[in-house]
Amino acid sequence: MKKSSFIITLICLISLASCHKSGMNLFRGEYSIKTSGNVTLNQIMHEGDTTQPVNFEAALPNDIGQMEISTLDKNADSVLVVMNIMGGEVIVAHASCDGDEIIFKDFRRNTLMFSVGDEININTEVKVSASGKMFEDNTIVIDMNYDGEATIDERDYKIHGNDIRMVANRN
């Protein structure tokens, strides 16, 4: 009798331990998202330019929207991430999950940037690299880097931002 109750207890403990979410299972679901941050624009000097380079910082608007993370490949802990920015674009990205971390493959997105002092608005495509971490099985904090180029007033600029953050709360 003691042996059978020990086996039953052991089976229950193993089944409870296997219910712990990690990797892809931890991240799957629907989220509300908000993104904010800044980028720097450094003028690209071309041969023959005689003017002083103009460099400035530009703020990103606080994007809000919805994000859905769904299974892509169970064996590789691979997920498909669809971000629907309110009043904007739909971004599709692939990511892999490892424990409580999510690592995105580089993806492209259109972004609006603006500089308060110079009142310059630009809409351009940037390359995004990102990774994030799950907190309390409910909130993902994703750190992003933006890289790209833009032309403003016949000047070419290199765009870089590494203090861009997206916070995603599970719905």
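- To the nearest 0.5 Å, the span separating NZ on Lys133 from OG1 on Thr139 amounts to 13.5 Å.
- In terms of modelled atom types and a separation under 3.5 Å, the side chain of Arg170 and the main chain of Arg28 share a donor-acceptor contact.
- Distance check, rounded to the nearest 0.5 Å: NZ of Lys158 to CG of Leu41 gives 11.0 Å.
- Scanning all heavy atoms of the two residues, the minimum distance from Asn38 to Ala59 falls at OD1-CA, 3.3 Å.
- In this structure, the side chain of Asn55 engages the main chain of Gln43 through a donor-acceptor pair within 3.5 Å.
- Residues Asn62 and Lys34 are in side-chain contact: their nearest non-hydrogen atoms beyond the backbone lie under 4.5 Å apart.
- Considering CD1 of Ile44 and CD1 of Ile159, their distance stands at 9.0 Å, rounded to 0.5 Å.
- With contacts defined as side-chain heavy-atom distances shorter than 4.5 Å, the pair Ser70/Val79 does not qualify.
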Would you check, one step at a time, whether the test side chain to side chain contact (heavy atoms under 4.5 Å, CB included) holds for Arg108 with Ile91?
CA-CA 8 Å; Arg108 301 197 80 67; Ile91 303 162; over 6 Å; no
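- In this structure, Val167 and Ile142 have side chains that are not in contact, with every pair of non-hydrogen atoms separated by 4.5 Å or more.
- Considering CE of Met83 and CD of Glu68, their distance stands at 12.0 Å, rounded to 0.5 Å.
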Applying side chain to side chain contact (heavy atoms under 4.5 Å, CB included) to Met134 and Phe27, what does each step give before you reach the verdict?
CA-CA 8 Å; Met134 177 69 79; Phe27 288 93; 3.9 Å; yes
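- Side chain to side chain, Asp77 and Ser96 fail the donor-acceptor criterion of an N or O pair below 3.5 Å.
- Separating the OG1 atom in Thr71 from the CG atom in Asn25 is a distance of 6.5 Å, to the nearest 0.5 Å.
- Using a 4.0 Å cut-off between charged nitrogen and carboxylate oxygen, Lys127 and Asp147 do not count as a salt-bridge pair.
- In this structure a side-chain-to-backbone donor-acceptor pair under 3.5 Å is missing from Glu89 to Asn84.
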Side chain to side chain contact (heavy atoms under 4.5 Å, CB included) between Ile69 and Ile140, intermediate numbers included:
CA-CA 11 Å; Ile69 300 177; Ile140 307 171; 3.9 Å; yes
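- Note on residues 147-171: pairs passing ring pair (Phe, Tyr, Trp, His ring centres under 6.0 Å), not counting sequence neighbours, are Phe56-Tyr157.
- Asn171 places a side-chain N or O within donor-acceptor distance of the main-chain N or O of Ser32, the cut-off being under 3.5 Å.
- In this view, Tyr146 satisfies the ring-ring contact (aromatic ring centres under 6.0 Å, His included) rule with no residue, not counting sequence neighbours.
- A distance of 8.5 Å separates OG of Ser131 from CZ of Phe104, quoted to the nearest 0.5 Å.
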I would like to know whether Leu26 and Asp100 meet side chain to side chain contact (heavy atoms under 4.5 Å, CB included); could you show each step before the answer?
CA-CA 7 Å; Leu26 176 63; Asp100 64 352; 4.0 Å; yes
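- Clustering of Ile, Leu, Val, Met, Phe, Trp and Tyr by side-chain heavy atoms under 4.5 Å joins Leu72 with Leu80, Val82, Val90, Val92.
- Contact annotation: the side chain of Ile164 approaches that of Val39 to within less than 4.5 Å [non-hydrogen atoms, C-beta and beyond].
- Contact annotation: the side chain of Met67 never approaches that of Glu30 to less than 4.5 Å [non-hydrogen atoms, C-beta and beyond].
- Side-chain contact check for Val141 versus Phe135: some heavy-atom pair is nearer than 4.5 Å.
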